[in-house]
Amino acid sequence: MFNKRVKIKELLTWEPKEQEVTVMGWVRTFRNNQFVALNDGSTNNNLQVVLELGKFDEEQLKRITTSASLKVSGILIPSLGKGQKVELKATALEILGDSDAEKYPLQPKKHSLEFLREIAHLRFRTNTFGSVFRVRHSLAFAIHKFFNEMGFVYLHTPIITASDAEGAGEMFRVTTLPMDNPPRNEDDGSINFKEDFFGRSSNLTVSGQLEGELGATAFGEIYTFGPTFRAENSNTARHLAEFWMIEPEMAFCDLEDNMNLAEEFIKYIIRYAMENNREDLEFLAQRLVEEEKQLPQDKRSEMGLIEKLEFVLNNNFERITYTEAIDILLQSPAYKKKKFQYDVKWGIDMQSEHERYLVEKHFKKPVIVTNYPKDIKAFYMRQNEDGKTVAAMDILAPGIGEIVGGSQREERLEKLEQRMSEMHVPAEELWWYLDTRRFGSVPHAGFGLGFERMVQFVTGMGNIRDVIAFPRTPKNCEF
RNA sequence: UCCUCCCUAGCUCAGUUGGUUAGAGCAUCUGACUGUUAAUCAGAGGGUCGCUGGUUCAAGUCCAGCGGGGGGAGCCA
């Protein structure tokens, strides 16, 4: 009868009136041979279970160790001690699973995030990761809620793709060919992919956008939300080889609409987390304060986590063009004092230091930069009338960097084909993509939002590996 | 991939100009105590000093290579 258990999160809201209840969870600490702090993952707050002296078998009490799993029945009473409102006076105790204290790696003490990363299979049982992953869940749920309310269709774009023309990065190959002795073409000795599973070379997707556009030009509005794979050798706190991305795509939509939607979307999901995960966010805010105590004053965040999120909700994102951004950088004290490592001039792909200056020093809030030079952006972005720029927009967030990359798409067939040819994108492979421009083409736009970066922004976690359950990075595929 | 720093007990970290038996706090175990809040008090156990090689009478300490990790950069979301 496991389903009769009461979740601790709910129980803690009850008025104690000697209700008989059953709870199940994992031991966080066992104090004084009498008090069990029990956690079931529904909240960071533990339920204090009281085992009255002499009422329980000594041998059984010895088995109550950190992370042992318990089933406890008892009556809910007002706590006799300080520190909690209610407690459960146990009448029956069952140990569901023992936990060898000498071998269990988590202790009731502070652990480094690096250590916890090495035991990612157990780190959900800590307060920090409990909070992070409950918030992550809420953000994911809010994303579906938002788009559903907006009338978008959730489109599952493929994970495996034969097109390597998207140019979004290095790809993981998908194959069933034997690696030690693949079939080869007789003429040049190259691998014969005609014998591979799909009869052609195939990879894991780096973006669902191109397929997303196919959906948008039928349903009007679609979004994707799925895993994305990049085989880049990136070793940073904001890159993963496997990450989740949200990619809405809207027909009858220009760059302005696109920006409006992105801003509204981001605020919506943050607001949802603020309303539904207040305790977790407060815990994470406190965690951040503690972590930053080790930093020198000038390296600490100016705003607390909650403050920062409220600030984002209550203020419009700054909107500037790329050209204006470059002007701001050129006028900046940092530039004049030669503080930038990389030079600034129109046409450059802005470096992190430039983006950080704009977002963290100059505007101190999220910034949407639009109309980038066409030479530093993808082939599918709509060419502006000036002949130099494209209708792109990136949203830069304080502390995270680029959180959204999007654009109005080039809907004019000739312009698109011309750009593909200039950038050596094989048009024949993307015949299906070009068909949307051949048959009822419409102005449309969309963007991609890195889910983990969003989770980082909301939780204040500094390393992207700590906001995904089992991070995949170069040289790391454990669990 | 580049730059830089780090790797000593289960965890977090000391370890002096190279020198005898490598330490502390927490955790664990044993005992005491029993309305505790990361309980407290007393005691005990616990180490291939990341790996391989080198220099030296002597290496945790110096040198080289390799592996793993952190921070920064590039690529990007």
Side-chain angles (χ1 to χ4, degrees), chain A residues 27-37 45-54 61-62 65-66 77 79-84 87 89 99-119 122 126-127 166-170 206-209 227-247 262 294-295 299 340-342 349-356 376-378 394-397 400-406 447-457 462-468 473-476 478:
Chain A
V27 176
R28 281 290 170 84
T29 61
F30 184 30
R31 288 183 293 265
N32 232 346
N33 220 21
Q34 203 180 163
F35 302 101
V36 177
N45 299 314
N46 302 320
L47 174 68
Q48 170 148 291
V49 174
V50 183
L51 305 170
E52 287 177 286
L53 290 167
L61 293 181
K62 276 194 179 166
T65 54
T66 307
I77 59 170
S79 180
L80 302 179
K82 288 169 189 161
Q84 59 278 317
E87 62 190 23
K89 194 160 93 179
S99 173
D100 186 339
E102 296 206 44
K103 291 182 183 147
Y104 185 66
L106 284 172
Q107 305 151 16
K109 61 167 275 190
K110 190 163 275 178
H111 287 293
S112 68
L113 296 173
E114 291 83 8
F115 170 66
L116 293 171
R117 219 171 282 151
E118 288 170 19
I119 50 166
L122 296 172
T126 64
N127 284 337
E166 292 159 37
E170 290 295 310
V206 292
S207 163
Q209 181 200 315
T228 308
F229 308 88
R230 306 259 168 104
E232 303 284 354
N233 191 10
S234 297
N235 291 287
T236 79
R238 54 190 181 282
H239 287 88
L240 291 165
E242 176 183 291
F243 63 100
W244 289 66
M245 190 154 64
I246 297 101
E247 295 178 290
Q294 298 162 16
L295 300 175
K299 291 265 174 75
F340 291 134
Q341 194 188 333
Y342 294 88
D349 203 352
M350 279 191 280
Q351 304 292 316
S352 311
E353 58 176 354
H354 304 139
E355 296 182 346
R356 285 243 285 279
I376 58 171
K377 288 292 182 185
D394 283 2
I395 302 184
L396 311 175
I400 309 289
E402 185 179 340
I403 197 162
V404 163
F447 62 85
L449 177 135
F451 185 52
E452 281 76 17
R453 289 186 183 177
M454 190 69 217
V455 180
Q456 276 189 278
F457 184 73
N463 195 313
I464 199 164
R465 298 164 196 202
D466 296 328
V467 298
I468 188 165
T473 52
K475 300 285 184 293
N476 188 347
E478 193 65 61

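These numbers come from the heavy atoms of this one structure, side chains and all, not from hydrogens, waters or symmetry mates. All values reported here derive from a predicted model rather than from experimental measurement. Numbered from 1 within each chain, the chains take letters A, B, ... in sequence-line order.
- Between B:rA27 and B:rG72, the distance separating the two P atoms is 32 Å to the nearest Å.
- A heavy-atom distance below 4.5 Å is found between the side chains of A:Glu353 and A:Gln341.
- Counting non-hydrogen atoms under 4.0 angstrom, A:Tyr342 reaches the backbone sugars and phosphates but no base.
- Counting non-hydrogen atoms under 4.0 angstrom, A:Asn127 reaches nothing in the nucleic acid.
- Put simply, the side chain of A:Arg230 gets close to the backbone of A:Val206: a donor and an acceptor are under 3.5 Å apart.
- A donor-acceptor distance shorter than 3.5 angstrom exists from the side chain of A:Glu452 to the backbone of A:Trp244, with no hydrogens or angles considered.
- Only the P atoms considered, B:rC2 is 25 Å distant from B:rU8, to the nearest whole Å.
- Taking atom CG of residue A:Asp466 and atom P of nucleotide B:rG69, one finds them 13 Å apart after rounding to whole Å.
- Residues A:Ile403 and A:Gln456 form no side-chain contact, since every pair of their non-hydrogen atoms from C-beta on lies 4.5 Å or further apart.
- At a threshold of 4.5 Å between non-hydrogen side-chain atoms, the residues A:Leu240 and A:Thr473 count as touching.
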Output a table of nitrogen or oxygen pairs between the protein and nucleotides 40-45 of chain B separated by less than 3.5 Å.
none

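- If you take atom P in B:rG10 and the same atom in B:rA73, they sit 35 Å apart, rounded to whole Å.
- Using atom P as the reference point in both B:rA32 and B:rG71, the two lie 47 Å apart (nearest Å).
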| note | Writing each nucleotide of RNA chain B 5' to 3' as (, ), [, ], | or . by Watson-Crick or G-U pairing under 3.5 Å yields (((((((..((((.....[...)))).(((((.......))))).....(((((..]....))))))))))))....
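- By the side chain to side chain contact (heavy atoms under 4.5 Å, CB included) test, A:Glu355 pairs with A:Met350, A:Leu396, sequence neighbours left out.
- Comparing the P positions of B:rG68 and B:rA22 gives a spacing of 31 Å, expressed to the nearest Å.
- In this entry the distance linking CD1 of A:Ile119 with P of B:rU12 reads 10 Å, nearest Å.
- Nucleotides B:rC49 and B:rA24, compared at atom C1', are 16 Å apart to the nearest Å.
- Between the side chain of A:Ser234 and the base of B:rC75 there is at least one donor-acceptor pair of N/O atoms closer than 3.5 Å.
- For the pair A:Ile464 and A:Arg356, nearest-nucleotide mapping onto RNA chain B gives the more 5' position to A:Arg356.
- Summarising the geometry, the separation between CZ on A:Arg230 and C1' on B:rU1 is reported as 18 Å, rounded to the nearest angstrom.
- Taking A:Arg356 as the reference, A:Glu360 meet the side chain to side chain contact (heavy atoms under 4.5 Å, CB included) condition, with sequence neighbours excluded.
- Rounded to whole Å, atom C1' of B:rA73 lies 13 Å from atom NE2 of A:His354.
- A:Tyr342 meets the ring pair (Phe, Tyr, Trp, His ring centres under 6.0 Å) test with no other residue; sequence neighbours excluded.
- One interatomic measurement links the two molecules: CD of A:Glu402 to C1' of B:rG74, which rounds to 14 Å at whole-angstrom precision.
- With contacts defined as side-chain heavy-atom distances shorter than 4.5 Å, the pair A:Val50/A:Phe35 qualifies.
- When rounded to the nearest whole Å, the span between NZ of A:Lys377 and C1' of B:rC76 equals 10 Å.
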| query | For every nucleotide of nucleotides 24-37 of chain B, 5' to 3': is a protein heavy atom under 4.0 Å from its base (B), only from its sugar-phosphate (S), or from neither (-)? | reply | -BBSSS----BBBB
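- One N or O donor and one acceptor, one from the side chain of A:His239 and one from the base of B:rC76, sit under 3.5 Å apart.
- When the C1' atom is used for both B:rG54 and B:rG45, the distance is 36 Å, rounded to whole Å.
- Whole-Å rounding puts the A:Glu118 CD to B:rC7 C1' distance at 11 Å.
- Between A:Asn476 and A:Arg117 the shortest side-chain heavy-atom distance does not fall below 4.5 Å.
- With contacts defined as side-chain heavy-atom distances shorter than 4.5 Å, the pair A:Asn33/A:Leu51 does not qualify.
- Distance noted for atom P between B:rU17 and B:rC3: 29 Å (whole Å).
- Whole-Å rounding puts the A:Arg117 CZ to B:rG71 C1' distance at 12 Å.
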